[in-house]
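Scroll down for the structure; my scribbles are underneath it.
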Amino acid sequence: MKSKMTTAIDIRDVVKTFGEVTALHGVSLGIADNAFFTLLGPSGCGKTTLLRLIAGFEDVTSGEIRLFGESIARLEPNRRPVNTVFQHYALFPHMSVIDNVAFGLKMQGMDLPARTARAGQMLEMVHLSDYADRLPAQLSGGQQQRVALARALAPAPKVLLLDEPLSALDLKLRQAMRVELKQLQEDTGITFIFVTHDQEEALTMSDRIAVMSAGQVQQVGSAQEIYEAPVNLFVADFIGETNLLQVEVHEVREGRATVTLPGGHRFACPSAPVAPGRHALSIRPERVTITPGADLSATVDRVVYLGSDLQVLVRLADGSPFTIRLQNAARTEVPGPGTRIGLHLEEGAARLLAD
Amino acid sequence: MKGVRYYPGFLPLTVLCLVILYAPLIVVMAYSFNGSTSITKWGGFSLRWYVDVFTGPDAGRFGQAAWNSLTIALMAATSATVIATAAALAMVKGGRFRGKGASFALINLPLMVPEIVTAVASLIFFTAIGLTTGYGTILVAHMAFCIPFAFLPIAARLEGIEGSYEQAARDLYATRAQAFRLILLPLLAPGLASGWLLAFIISLDDFIITNFVKGAGMETLPTAIFGSVKQGIKPNIMAISTLMLAVSVLFVTAAYLINRKGQKTP
Ligand SMILES: Nc1ncnc2c1ncn2[C@@H]1O[C@H](COP(=O)(O)OP(=O)(O)O)[C@@H](O)[C@H]1O
Ligand SMILES: [Mg+2]
């Protein structure tokens with residue numbers, strides 16, 4: 001077994017321009033072997049472009065892409081041991097399901113009995129053995145998706161690329177497929193590079209996540225790292241729900257800053273390395289508790305019922321809006337609108353961000 | 001929105017148009033089964049003029065003309081389809097290149113140039129380069145003017161085929177040639193078939209250009225029919241016309257059906 005630290009894909013200073021448009025501004029990423037790696041970012045940030053560069057459908061403008069140490073940036077797509085699950089699956093409409101799955105094996109020169117057996121196994125793995133002789137048009141969206149997965153995995157690629165494969169499915173199916181995809185990745189041991197704009201999807205499945213914006217990687221880390229220690233404003237805002245407040249920063253030392261909230265409350269919290277002055281502070285709504293007599297006071301505006309959670313919309317002393325999330329447990333006391341309450345920030349609730 | 005039947009006067013107008021369009025055809029078809037030698041008086045149902053077409057005094061001339069028409073149409077349609085496919089691939093899948101709009105216009109322009117102008121120009125061209133008019137010049141002219149007719153359905157079909165199919169094939173270790181042969185070509189087949197059929201019918205049917213470039217003694221079916229009609233219409237012409245009509249309808253229907261089937265499973 002390979003060590004956990006083997007790098008499957010090494011992307012160095014990749015720039016990609018389309019005429020006037022620069023889709024990628026110097027992206028560098030190391031993607032470990034055996035990992036479920038996610039590229040997460042809003043639409044248009046360059047995720048698909050990066051995936052297409054790895055697959056070989058586009059040429060890099062400059063930079064280098066290595067697969068297990070070997071440069072692949074100039075190879076034709078059929079010479080890269082990398083397979084893709086396309087966003088709209090791109091199943092060959094004139095071929096049966098089994099012929100679709102066996103296509104890559106056929107192109108690799110595997111003989112008919114061997115590839116039929118292997119394609120059959122792949123269909124079994126995605127629970128579609130009974131559909132081998134159907135045409136793609138005769139399958140549901142979820143089934144087509146599984147065929148696309150089986151087809152891409154059949155030649156046992158070193159890396160599997162998935163471009164928003166779940167976006168065309170309905171919510172229930174999407175949630176079920178998340179678990180299945182992750183299981184599949186662990187069972188096969190193949191490195192998955194998964195593209196999505198859905199942060200929940202990214203957080204639930206990934207070993208590591210690269211958050212992208214405007215053609216650049218903003219942060220790379222585990223789900224916990226990017227959620228709990230976002231390096232900048234973009235990441236904090238994009239991942240999960242948060243309160244962003246402009247605060248006065250007095251001192252930053254050893255990763256902690258002393259700040260003053262707009263209402264005058266002064267405290268210390270973890271910080272990105274920034275210079276004193278005005279900066280954005282992120283406070284996660286679920287890390288704030290209502291504690292009578294706490295230093296930070298607020299007035300309740302409204303309570304929004306979300307089922308498992310309650311969202312309490314409050315105003316701080318200076319009138320700035322602020323959100324708290326409470327679990328909808330039996331013992332939760334819900335303050336009524338107009339009530340003055342005290343807020344306690346748990347450790348890790350607040351974090352000072354770089355711009 | 002009101003249905004079309006609510007517009008007053010629309011129905012009679014439609015019927016009038018249909019009558020003007022189809023009455024002559026119906027008369028020709030009906031009288032091709034006439035038992036008498038008159039072209040206006042009905043002498044009972046008979047197949048004598050169909051027998052006459054194949055065995056009568058003009059059978060040899062029309063047979064030769066029909067053979068010329070058929071072989072020219074086959075070759076012209078086939079070569080026009082190949083050329084049109086290459087053009088469509090470049091236009092639709094070739095990405096952006098300089099002069100793309102102009103190329104598109106150039107390919108389709110022959111559809112808009114008056115046929116008589118093309119006919120005169122072709123004759124002048126063949127004479128200028130010293131070609132003797134005959135079977136060969138008809139073939140070359142037909143190959144040329146069939147291209148836009150083959151191009152349109154092929155390009156339309158190609159537009160509908162997403163680039164991701166070819167990319168998926170390349171991703172799964174197919175070379176460019178394999179991706180073309182195993183994926184693009186089968187998906188394009190309905191467009192190729194309807195383009196070929198359309199070109200075939202256009203060639204089979206052409207009169208004006210053929211008449212200019214055919215030279216003396218060389219006839220295709222349309223020019224032979226025209227030549228024969230000049231000496232007075234005989235009922236056997238109606239039988240030949242009806243046969244040609246049947247072939248055309250058959251081909252056009254085939255083209256339509258193939259295209260429709262192709263659309264259902266893209
Ligand atoms: N073939 C192309 N030609 C021109 N611009 C492109 C092309 N592909 C992508 N782009 C541009 O590159 C940027 C990134 O696109 P993309 O990688 O598709 O984003 P994402 O997948 O994150 O939504 C966008 O601004 C897009 O308009
Ligand atoms: Mg995309």
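Computed from a predicted model, the values in this text were never measured in an experiment.
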Original post:
Picking from B/Leu139, B/Leu204, B/Val140, what satisfies side-chain contact (heavy atoms from CB on, under 4.5 Å) with B/Ile72?
Top reply: B/Leu139

Subject >> Side chain, backbone, both or neither of B/Ala169 within contact of chain A (heavy atoms, under 4.5 Å) >> reply: both

Subject >> Under 4.5 Å from any heavy atom of chain B - which part of A/Leu105 >> reply: neither

Original post:
Side chain, backbone, both or neither: which part of A/Arg79 has a heavy atom under 4.5 Å from chain B?
Top reply: neither

**OP:** Determine, for B/Glu166 against B/Arg170, whether the closest basic-nitrogen to carboxylate-oxygen distance falls under 4.0 angstrom.
**Re:** no

Original post:
Pick from A/Leu91, A/Val85, A/Thr84, A/Asn83: which one has the most heavy-atom pairs with chain B under 4.5 Å?
Top reply: A/Asn83

**OP:** Report yes or no: is the cationic atom of B/Lys100 (NZ for Lys, CZ for Arg) closer than 6.0 Å to the six-membered ring centre of B/Phe104, at no more than 45° off its axis?
**Re:** no

**OP:** Fit a plane to each ring of A/His94 and A/Phe92, take the angle between them on a 0 to 90° scale, and name the class: parallel (under 30°), tilted (30 to 60°) or perpendicular (over 60°).
**Re:** tilted

Original post:
Using non-hydrogen atoms only, which part of A/Val82 is less than 4.5 Å away from chain B: side chain, backbone, both, or neither?
Top reply: backbone

Original post:
Which pair of heavy atoms, one from A/Ala202 and one from A/Ile209, lies closest together, and at what distance?
Top reply: O-CD1, 3.6 Å

Subject >> Under 4.5 Å from any heavy atom of chain A - which part of B/Gln167 >> reply: both

Subject >> Partner chain A: residue of B/Leu182, B/Thr175, B/Asp171 with the largest heavy-atom pair count (under 4.5 Å) >> reply: B/Asp171

**OP:** Can you see which heavy atom on A/Met212 is nearest to which on A/Val217, and at what distance?
**Re:** CG-CG2, 4.2 Å

